[in-house]
Amino acid sequence: MSQVLTRVSHRSLLTVMCACVVLVVGMVAAINLAVPMLAASALRPSASALVWIVDTYVVFFACLVIPGGAAGDRFGRKGVLLTGLALFAAGALISAVAPGIPLLLAGRAVTGIGAAAVLPNTLAVLLHAVPADRKGPVIATWASMTGIGGVIGNAGGGAILTGGSWRWLFAAAAPIALVLAALVARIAPVSARHDRRLDVPGAVLLVAASVALLLGIVQGPEAGWGSPLVIGGFACSAVLFAVWAVVELKVRHPLLDPRLFRIAGLRSACLGMTAIFFGMFALFYVNASFLQYAKGFGVLWTGLGIIPLTVPIILGARHVGRLTARIGLTAVTALAFGFVGAGLLGLSTSDTATPYAVYAAWLVVTGIGVTLVLPTLSGVIAGSLPAAQAGVATGLQATTREFGSALGVAVIGTVLTARFTAALPEDARSAHTVAEALTRAPADEVIPAFVSGADTGLRVIGAAVLVLGALVILRGRGTRAPRP
């Protein structure tokens with residue numbers, strides 16, 4: 001009887017931890033669906049502000065996920081997980097009631113900090129609680145949630161936003177986080193603490209450098225690429241990243257030791273993971289607006305419209321290991337980037353007259369590439385470090401994924417805005433969003449301009465993914481395939 005109860009409790013704990021993962025990962029995807037509503041709202045955000053509303057959460061999530069795991073080791077994983085869920089709920093509430101852009105961005109930052117505390121500690125709590133013979137399946141289930149979370153975020157976010165206001169998305173996230181916190185408090189075990197120091201200067205420098213880089217990219221179209229703001233953003237980013245590297249080399253317990261990137265396979269796999277999420281979340285950012293503006297989809301159908309991308313992941317992920325064993329790691333990686341790049345370039349040919357079936361087919365092509373590359377590169381990152389550094393490998397994967405996501409949104413938002421404004425009628429070119437342009441020009445001139453911007457953005461992203469994929473393959477030759 002005790003064994004049955006133990007199995008039930010483990011299953012309950014796994015369910016709650018996976019729900020936490022889905023919540024924090026799903027929010028990354030769900031916010032894209034709200035972009036058209038935000039653009040038309042009383043807040044009147046600029047095009048760059050829309051990108052920041054999406055990216056502020058992702059930047060803090062990406063840069064703090066490793067310190068979030070380290071904080072769990074030092075102060076207790078359950079306690080840090082509960083703190084993360086509380087911060088997530090508080091940030092969501094701030095965003096829901098924000099009367100202006102500054103407070104909305106502050107809420108997004110708090111939510112991102114909370115997410116960074118949640119994600120690594122869900123896995124840490126599970127690994128502490130389950131017996132050794134169950135750890136493999138548990139890790140696999142947890143990892144699958146990081147992918148499924150994006151799909152649930154799109155579908156669930158679409159359902160919530162049918163209420164008619166972007167505020168509903170944040171208002172719904174807060175009580176979900178609080179319910180999960182109550183469940184975690186009840187069923188999660190308390191784990192031992194460790195005396196490893198937190199690298200606060202490293203975390204602050206990494207966040208500041210990332211924000212400065214994105215500031216230069218995002219503000220380019222509005223402020224001008226030669227403006228002091230943009231040039232200063234890029235210069236500050238370069239300096240801050242250099243200072244971060246120096247600090248990390250000197251501290252006893254670095255946030256992320258730069259010397260790890262001397263490992264060629266690890267370096268190329270991290271670049272590859274960043275490139276894939278760069279392409280995926282650039283697509284998510286454009287897809288939500290394209291289906292609503294160009295195809296006339298409602299927000300719920302827009303959320304469901306991304307599902308074809310996930311079909312190959314659901315059906316094919318378990319076969320990737322056998323394919324890698326048969327044709328080799330380099331060939332699988334080359335196929336993966338080829339499919340992702342081709343899918344994005346195919347999607348860039350879409351317009352208002354393109355049937356959704358054709359659009360969905362290109363999503364499937366992109367999904368095949370994602371299916372091939374994620375377990376492959378994840379295995380390389382994990383296999384490049386000793387077992388004692390498994391936590392570093394997990395944090396590194398999360399950081400590269402989220403940083404790639406933030407960069408993809410920033411780049412495609414910048415390209416889309418520049419092309420969109422250039423394609424508008426002359427008397428409407430001071431507008432930087434579709435909602436603003438529709439007040440100055442008829443829809444039959446504004447929507448084609450948006451489609452032109454979206455297509456140009458997807459072409460740039462698709463070409464970038466192919467180039468980065470080639471670099472990954474060239475630098476990763478000789479890397480051993482991960483063991484199944």
Expected output: side-chain Arg77 to main-chain Val125 donor-acceptor under 3.5 Å: no
Thr310 side chain to Ile313 main-chain N or O, any donor-acceptor pair under 3.5 Å? no
Derivation and outcome, side-chain contact (heavy atoms from CB on, under 4.5 Å), residues Phe420 and Val434: CA-CA 9 Å; Phe420 170 63; Val434 175; 4.1 Å; yes
If you define the side chain from C-beta out and look only at heavy atoms, does anything of Pro312 sit under 4.5 Å from Val370? no
Testing the 3.5 Å rule here: is there a donor-acceptor pair between the side chains of Ser452 and Asp455? no
Does Thr354 offer a backbone N or O that forms a donor-acceptor pair with the side chain of Lys295 under 3.5 Å? yes
Any chance you could measure Leu407, atom CG, to Ile461, atom CD1, to the nearest 0.5 Å? 8.0 Å
Nearest 0.5 Å please: distance from the CG atom of Leu396 over to the OG atom of Ser378. 10.5 Å
Backbone of Thr456 reached by a side-chain donor or acceptor of Arg419 within 3.5 Å: no
Side-chain donor-acceptor contact under 3.5 Å, Asp55 with Tyr285: no
Could you tell me whether a side-chain N or O of Ser289 sits under 3.5 Å from a main-chain N or O of Val286, the two making a donor and an acceptor? no
Would a distance-only check, ignoring hydrogens and angles, find a side-chain to backbone donor-acceptor pair under 3.5 Å from Asn154 to Val151? no
Check the angle between the aromatic planes of Phe281 and Phe277 and answer parallel, tilted or perpendicular using the 30° and 60° thresholds. parallel
Side chains of Val58 and Val409 in contact at under 4.5 Å (non-hydrogen atoms): no
Checking the side chain of Thr417 only, and the main-chain atoms of Ala47 only, is there a donor and an acceptor separated by less than 3.5 Å? no
Quick one: does any side-chain atom of Ser41 pair with a main-chain N or O of Leu38 as donor and acceptor, under 3.5 Å? yes
Mind checking the CD1-OG1 spacing from Ile276 to Thr400? Nearest 0.5 Å is all I need. 11.5 Å
Could you walk me through whether Thr83 and Phe75 pass side-chain contact (heavy atoms from CB on, under 4.5 Å), step by step? CA-CA 11 Å; Thr83 302; Phe75 301 114; over 6 Å; no
Geometric class of the Tyr359/Phe290 ring pair [parallel <30°, tilted 30-60°, perpendicular >60°]: parallel
Shortest non-hydrogen contact from Leu424 to Ala449? CD2-CB, 3.9 Å
Residue pair Val340 / Leu372, side-chain heavy-atom distance below 4.5 Å: no
Heavy-atom nearest pair, Val415 first then Gly457, reads CG1-CA, 3.7 Å
Once you round to the nearest 0.5 Å, how far does SG of Cys270 lie from CZ of Phe403? 12.5 Å
Pairwise side-chain contact, Leu93 with Phe170, heavy-atom cut-off 4.5 Å (strictly under): no
So does Ile53 get a backbone contact from the side chain of Arg108, meaning a donor-acceptor N/O pair under 3.5 Å? yes
One should read off an interatomic distance between Leu266 CG and Leu271 CG, to the nearest 0.5 angstrom, of 11.0 Å
Tell me, do Leu81 and Met17 make a side-chain contact under 4.5 Å, heavy atoms counted? yes
Are the side chains of Leu416 and Phe450 in touch, meaning some heavy atoms are under 4.5 Å apart? yes
Trp301-Gln292 side chain donor-acceptor pair, cut-off 3.5 Å: no
For Phe88 and Ala177, the nearest pair of non-hydrogen atoms, with its separation, is CD2-CB, 3.8 Å
Can you check side-chain contact (heavy atoms from CB on, under 4.5 Å) on Leu104 and Trp166, steps first, answer last? CA-CA 12 Å; Leu104 176 56; Trp166 58 269; 4.1 Å; yes
Do Glu402 and Val65 have side chains that get closer than 4.5 Å, going by heavy atoms? no
Please round to the nearest 0.5 Å and tell me the distance separating atom CG of Leu249 and atom CH2 of Trp244. 8.5 Å
Evaluate the criterion side-chain contact (heavy atoms from CB on, under 4.5 Å) for residue pair Phe61 and Val28; output intermediate values, then yes/no. CA-CA 10 Å; Phe61 192 178; Val28 180; 4.2 Å; yes
Taking Val451's backbone N and O only, do any of them form a donor-acceptor pair with Asp351's side chain (distance below 3.5 Å, no angle check)? no
Note, Leu458 side chain near Leu345 side chain (heavy atom, < 4.5 Å): no
